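Chain letters run A, B, ... following the sequence lines, proteins first and then strands; every chain starts at 1. Quick caveat: nothing in here was measured; it's all calculated off a predicted structure.
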2 protein chains.
Amino acid sequence: MEIVITEVEVKDVRFPTSLLADGSDAMHTDPDYSCAYVVIKTNKGIEGYGLTFTLGRGTEIVVQACKSMSYLVKGQNVNEIFTHFGSFWRKLTSESQLRWIGPEKGVIHLATAAIINALWDLWARIENKPVWKLLTDLSPEQLVSTIDFRYITDVITKEEAVKLLKENQKGKEEREEMLRKNGYPAYTTQVGWLGYNDAKVKELCNKFLALGFTSFKVKVGQNITDDVRRCRLVRDAIGHENKLMLDANQIWDINESIEWMKQLVKFKPIWIEEPTSPDDILGHAKIANELRPYGIGVATGEMCANRVMFKQLLQARAIDYCQIDSARIGGINEILAVYLMAKKMGVPVCPHAGGVGLCEMVQHLQMWDFICLSASTENRVIEYVDQQHEHFEHPVCVQNASYMPPMSPGYSTKLNEECIKNYSYPNGAKWKDMYEQGLFYKSLN
Amino acid sequence: MEIVITEVEVKDVRFPTSLLADGSDAMHTDPDYSCAYVVIKTNKGIEGYGLTFTLGRGTEIVVQACKSMSYLVKGQNVNEIFTHFGSFWRKLTSESQLRWIGPEKGVIHLATAAIINALWDLWARIENKPVWKLLTDLSPEQLVSTIDFRYITDVITKEEAVKLLKENQKGKEEREEMLRKNGYPAYTTQVGWLGYNDAKVKELCNKFLALGFTSFKVKVGQNITDDVRRCRLVRDAIGHENKLMLDANQIWDINESIEWMKQLVKFKPIWIEEPTSPDDILGHAKIANELRPYGIGVATGEMCANRVMFKQLLQARAIDYCQIDSARIGGINEILAVYLMAKKMGVPVCPHAGGVGLCEMVQHLQMWDFICLSASTENRVIEYVDQQHEHFEHPVCVQNASYMPPMSPGYSTKLNEECIKNYSYPNGAKWKDMYEQGLFYKSLN
């Protein structure tokens, strides 16, 4: 069956989350969770759906980038793409004129992620499998053939990657069975958005405790007095048998990170996430070095630009937890490279999620990791935020604080018709209502 | 006088340089030199002109980003901006929703550069001075107030920056006088674009020798046999009394860089530029370490994303020459931070130029550096490419292989009317001709 890509549709979809301060943190005070949404159409009717997450303004720029890149995808034979996926990925990321405005970072790489994610969704739909199962069923050689090793061969080569995957071939079936039965452990970020008041924080702690959660993340970094009060409140609510993580969303300089965190040691957080600029590898290494004696690890990755930056975070021992993001670096192909490097360097991966569709995607990746690569859930946990799932045809299913393996074909990123109709920006039905009510002004861009 | 910004116009301007292989290198085989061009209009008629350089496709994305950011500039009082330029810069780069699609890198940072460059041009026009003179006349405290020190205080603080500037206050007049008389030394990249044949390379060596040039840069990295032949050809033509630089434009992995360069040691290049990914700080450090014993330095910076990346290149001793770019990091404010860090760490700045308008801009910065900060031209030289200057109202003036100080008010980046008419993309007169002649296809984006 010859399947050819005939069209690439790109949509700007936004949700007005800033109205309730959902998702607010020290740097992103009023996010409107959004996405650039890509639909890849084929001559056989089968379609692929992919997205990259954004915060509202600026989605139009990513949409433009997806459109500008789509000429590289249109007209292609999908079998050709999937058979030589590593080379195709390089073709996309190394386009001789477009690479100047990256390379492999920012808007153009977010657009790459949306397109590549849609291609994996398409592949999984063609194979009639969820992405985690597609990945799991690929041979080590096939899986590694999807990766572009440019710029990372000093840490991992193709041959080493194949070897790492072969090491844990045994036991795959048992681990798949365990997943189907128990799911994969999740943690919640939902108790501690900066915009929430103390009563709401306490109420949410109790709610998530009752749901079976054992790991809780709190935003910090705007005011040390507030942070101390909120950490105490959460620690008191969740007890010492549960885990507390802190997240500063890049607010601090290097020495400031260290000083601030020393004042929060008594609440025994297991990690401080994004203490400073996502680009500061040497800075994270210094912070990690200073905080390790206190039992506090450094976590980062949701804004890490690409595999070259992850490579260095691992080389420099700058991170204790590797937080891959499914929509910032260039889609599954590049994320697999990061998982393989993290495995080699002995750092657990704890994916960033939340936003729009991130939970839907990362569950597939982390389940593949458990079955095929790390063979462990030790120190590993997937972020969970209970927002924006209702817009997807096959939303995540979290039971007993665990992600249950998705069973529908694809990458779980198809938005339902209702969502597209209501939240397309700026002309969706809900947005029209909000302009009329004066809740939002229509942007002129 | 109350000057208020009333409008921000953004244009897509492209030149068909791929037709002659001008600018071709190992990664960018067919660039069409282009720019996103910003005109800031005010209620008093005075305007500011700024740009960021691009390679053709993708300019439309940067144009969209400039438009999306322009709401932050429209309606602002320019005195307010210039009095609190550091805070204004942060406001632009930390916009709570837009920063997600960077932060401070790629498309959104290129757009920041175009806007910030236009603001400096406007400021200099209001003061009726060229930018280098505006910078030179600012007190150390005023100059430093334009910089956002977020994420770099572990290497340089505001106070240290003021101190560095105060150290060389003496002798400013003499150095300004020297510049006015002799200009600032330039090197040429024009002898060795990868797309040029041997006869053309030889002819260009002789041409630029006759013009007084003593430093020559050659592109390498696609094929070692070709590189050896071309390096020998250029070295024979320019002799051993002149300087040879090599440029790989990011083509290699780390170990490959080292092995490849060892085969070119005999041609005694003073630097290898961009051996690998611009994001690989630790990789550049390893290459620099291995090549230093051979007298070869590492140069990079034209694709360095921001001050945080430059900070680390300096901290890790990964570069021997710091190649700031005037249009990739966020305009003059951020570039000043890089100059100050380079001074503190003892690394000479040799600006990247060529492209569209880069020579026009960097001459101002390097002249300020000579007068106020480094007080030296030792190991320092500005790249020069004799292309696309005719489109500017006040093009660079290079005499005896030296940039002569520009005397017109502003940042030398105003395109002439003829250029806008002819090369606006896709509807400029020259582009219409080219479609008719079948030289280019009109993009559908």
_Side chain proximity check, A:Leu313 to A:Cys304, heavy atoms < 4.5 angstrom_ = yes
*State, to 0.1 Å, how close A:Arg328 and A:Ala113 come at their nearest heavy-atom pair, and which atoms those are.*
N-CB, 4.4 Å
[X] portion near chain B, given a 4.5 angstrom heavy-atom threshold:
X: A:Lys286; value: neither
X: A:Leu110; value: side chain
X: A:Glu256; value: neither
X: A:Ile251; value: both
X: A:Met309; value: side chain

_Let's test your reading of the structure: which of A:Ser96, A:Pro103, A:Gly106 forms the most heavy-atom pairs below 4.5 Å with chain B?_
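Going by pairs under 4.5 Å, I would pick A:Ser96.
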*Residue among A:Asn255, A:Thr29, A:Asp32, A:Val62 with most heavy-atom pairs under 4.5 Å to chain B*: A:Asp32
Side-chain donor-acceptor pair under 3.5 Å between [X] and [Y], yes or no?
X: A:Gln388; Y: A:Tyr423; value: no
X: A:Asp279; Y: B:Asn306; value: yes
X: B:Gln387; Y: B:Thr17; value: no

